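Counting starts at 1 for both ligands and their atoms, following the listed order. It should be emphasised that the depicted structure is a prediction, and the values quoted were computed from it without experimental measurement.
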Amino acid sequence: MRRTFQWPAVLSPAAPSQDPHSNETESNGNHPTPSAASRRNRIIFGGDYNPDQWPQTVWDDDIRLMREAHVNTVALAVFSWDRIQPEEHRWDFDWLDLIIDKLGHAGIAVDLASATATAPLWLYEAHPEVLPRDKYGHVVGPGARQSWSPNSPVFREYALTMCRKLAERYGRNPYVTSWHMGNEYGWNNREDYSDDAQRAFRDWCRRTYGSIDALNAAWGTTFWGQEIHDFDQVLIPRYMGADAMVNPGQQLDFERFGNDALLDFYKAERDAIAEICPDKPFTTNFMISTDQCAMDYAQWAHEVDFVSNDHYFHEGTLHLDELSCSDALVDSLALNRPWYVMEHSTSAVQWKPLNARKRKGELTRDALAHIAMGADAINFFQWRASAFGAEAFHSAMLPHAGEDTALFREVCALGKTLDRLADTGLAGSRLQRSDTAILFDAQSQWATRSQTLPSGKLDHWHDVRDWYQAFLNTGMRADVVPLAYDWSGYHTIVLPTVLMLSDADTRRILDFAQAGGTVVIGYATGLVDEHFHVGLGGYPGAGQGLLRSMLGIRGEEFNIIGPQADGDADAIALTAAEAVSDPTNSHTTATSRLWQNVISVTDPHAQTLAFYHGDAADDWDLDGVPAITRNRAGKGIAYFLGCDLDVNDLTTFIRLNLDATSAPPNPDVLHTVRIGDTTAFDFYFARGKQGAKISQVSGEPLVIFRGSPGSNTGSYTLQRNGVLITMRNLTTPCADE
Ligand code: GLA
Ligand code: GLA
């Protein structure tokens with residue numbers, strides 16, 4: 001069951017009169033009401049604030065500049081455990097009281113951390129057993145972040161004590177308006193091979209499988225003599241030798257267990273606070289971008305009161321498209337309720353080999369793009385650039401050079417813009433959904449990392465991103481939806497490299513098609529079930545053959561290619577057939593470079609839309625083998641793309657087969673709509689280097705950033721990284737759900 005959506009309050013600029021600490025020892029009675037001091041319908045703006053890195057003489061300056069920048073919320077105390085509890089039996093809240101007070105009086109709300117992301121050294125000295133171990137058995141040393149095992153009962157007790165202390169002290173503080181639990185759970189302790197982890201994994205297996213026979217069946221332990229007779233024999237996959245291949249079923253369960261252990265830890269921390277302070281919303285910052293898949297956030301999203309995410313940009317042509325793709329998943333996880341950008345960067349990070357600045361306009365453009373995708377909170381890592389430590393060269397809202405900088409001025413201008421947008425009623429409106437869903441499954445992403453697959457180059461997330469970008473190239477926008485959620489209301493679903501499909505999910509896909517939906521199955525989808533067992537009788541074997549029969553095809557082998565010796569071709573061409581060739585250019589053919597399914601058509605109604613063709617295809621005995629097929633499935637249609645295709649070829653496929661829009665598409669533009677009760681907000685972003693021309697825009701312009709109106713009504717020109725936001729009245733007010 002999902003927790004109820006609850007959004008953090010924002011303080012009114014005038015300070016509330018009550019003393020926030022006056023009732024700190026009360027367990028009941030009259031609460032100071034944060035809502036009395038809160039303004040609704042603001043866009044939250046701010047960042048991670050680490051005043052503990054600075055002398056108190058800097059704090060007033062911070063607050064003065066935060067006000068100048070229109071900051072209304074900061075995330076506080078994320079790494080402050082050692083300052084709050086410098087010794088096991090000594091607590092120091094004075095500095096935190098003071099800074100929360102100063103912020104609150106200035107009208108700046110606090111998203112207060114549970115402060116457990118880093119633990120103090122005294123704890124590690126007293127209890128070295130809380131440290132995780134890596135798969136070689138090495139102890140993970142303290143000194144960075146998250147050097148603790150989520151499976152350690154000892155660590156948990158200390159962490160929960162910290163949570164309770166914070167809840168007792170600040171639970172009723174009107175300036176604290178939300179709880180920021182941990183920080184990026186799993187960033188450094190996603191995989192724990194400690195003895196505590198070993199014990200906890202055995203319990204997890206016991207709970208999951210109930211009987212040892214069920215576990216043996218799931219893991220296929222008759223292979224390589226791995227049979228287990230008792231749950232106490234179950235092993236975590238520690239180092240087994242340089243070339244050893246871990247049983248993929250065991251590996252996958254270990255990944256699930258790691259996810260569950262951290263989620264359980266989060267819940268314990270949250271509940272420790274909620275027992276004392278039940279009325280303020282909880283969140284934790286997810287790490288969603290298309291290069292990351294630490295956790296199965298489809299599960300985590302049920303456990304927060306509002307979804308928040310950290311997003312760091314990809315340079316180059318992917319920048320905006322990738323941001324939008326990641327955000328499309330976040331919006332789905334948030335069930336289309338407003339969500340929170342907990343961190344992004346004003347400019348460069350410091351953790352890549354080369355840390356490029358943001359280009360002209362990208363700071364503002366990125367923030368507005370997150371808003372366009374459904375965010376109601378724009379926050380940065382971090383407020384003031386650190387003068388020392390590992391992140392000194394990470395950009396911030398207030399750079400080393402201080403307030404007299406172009407970057408700080410752009411931050412201030414952004415704060416003002418967000419306030420202005422909030423005044424129009426934008427906050428609380430919802431992203432208009434697409435009629436197409438690309439389905440994403442974190443567990444399939446984990447499964448594609450197994451070293452035991454036909455190709456080590458499978459990447460479900462990247463294939464989702466390619467499809468997403470291809471839809472944008474046709475002027476359409478797709479949603480990205482967790483496989484585990486309800487996507488039955490869409491018109492079209494796409495499953496790119498969803499390697500694992502359970503029987504139940506396969507059934508849902510079939511039902512969707514039979515009810516009239518369009519289904520697109522990618523080349524490495526549905527090969528194994530949730531235990532990594534191959535579906536038999538031909539590929540893709542998911543659902544005991546249901547998927548295969550829906551598609552009307554049967555695969556016998558995989559043809560995997562890559563760079564070839566002796567000048568042999570490293571790509572296989574497809575015929576210029578209707579599915580993937582541009583009719584305006586008969587010489588354009590699609591090309592596959594990694595994976596071709598050797599299939600035949602089994603259903604007389606199934607059509608072959610493209611074949612493999614040419615010398616390379618002939619060499620691999622693929623000439624004439626169907627590459628792309630279409631079949632009728634009940635009232636719906638099922639496509640099979642039997643090979644990998646690049647973004648351009650996917651774009652052509654979509655344009656020729658899936659494009660149902662009547663409006664002339666504009667692939668130069670990312671267009672999203674947020675719908676309020678009586679108003680719609682249109683967002684337009686120039687996608688490419690060349691900027692974009694937009695026409696027939698109805699509505700009043702609210703923001704024209706790096707652009708200008710054209711001579712015709714409703715036409716605009718946007719430069720690179722330009723943004724247009726307009727507002728129009730809805731003739732029929734939108735029903736709320
Ligand atoms: C070796 C092993 C076999 C099998 C093959 C796979 O030869 O002896 O058991 O693992 O490799 O190529
Ligand atoms: C993560 C962390 C932050 C900071 C940033 C730097 O998102 O949560 O504390 O380290 O990365 O990009």
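When the shell of 6.0 Å around CZ of R449 is examined, it contains more than 12 heavy atoms from other residues, nucleotides or ligands.
Among protein heavy atoms, atom 6 (C) of ligand 2 sits closest to H394 NE2, 3.1 Å. From the protein, the heavy atom lying nearest to atom 9 (O) of ligand 2 is R145 NH1, 2.8 Å. Scanning all protein heavy atoms for the shortest distance to atom 5 (C) of ligand 2 gives Y312 OH, 3.4 Å. Taking atom 10 (O) of ligand 1 as the reference point, the nearest protein heavy-atom neighbour is W224 CZ2, 4.5 Å.
With a 4.0 Å cut-off on non-hydrogen atoms, W351 touches ligand 2 through its side chain and not its backbone. Contacts between V78 and ligand 2, counted as non-hydrogen atom pairs separated by less than 4.0 Å, are absent for every part of the residue.
Using a 4.5 Å heavy-atom threshold, the side chains of V110 and Y170 count as separate.
The only member of F265, W81, Y124 that meets ring-ring contact (aromatic ring centres under 6.0 Å, His included) when paired with W148 is F265. With F306 as the fixed residue, the ring-ring contact (aromatic ring centres under 6.0 Å, His included) test singles out one of F5, W7, F286, W339: W7.
Contact check on K267 versus D264 returns no salt bridge, with no Lys/Arg side-chain nitrogen under 4.0 Å from an Asp/Glu carboxylate oxygen. The existence of a salt bridge linking D52 and R83 is excluded, since no basic side-chain nitrogen approaches an acidic carboxylate oxygen closer than 4.0 Å. Looking at D192 and R133, no side-chain N of the basic residue comes within less than 4.0 Å of a carboxylate O on the acidic one, giving no salt bridge.
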Taking it one step at a time, do R357 and E410 satisfy salt bridge (Lys or Arg N to Asp or Glu O under 4.0 Å)?
-> CA-CA 14 Å; R357 280 165 85 198; E410 193 172 347; over 6 Å; no

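For ligand 2 and N183, the ligand atoms under 4.0 Å from any heavy atom of the residue are 2 (C), 8 (O), 9 (O). Atoms of ligand 2 found under 4.0 Å from any heavy atom of D310, numbered from 1 in the order shown, are 7 (O), 8 (O). The distance from ligand 2 to the heavy atoms of E391 drops below 4.0 Å at these ligand atoms: 4 (C), 5 (C), 6 (C), 10 (O). Those atoms of ligand 2 that come under 4.0 Å of a heavy atom in F79, given as number and element, are 9 (O).
Checking H311, E343, M287 against atom 11 (O) of ligand 2, the nearest heavy atom belongs to E343.
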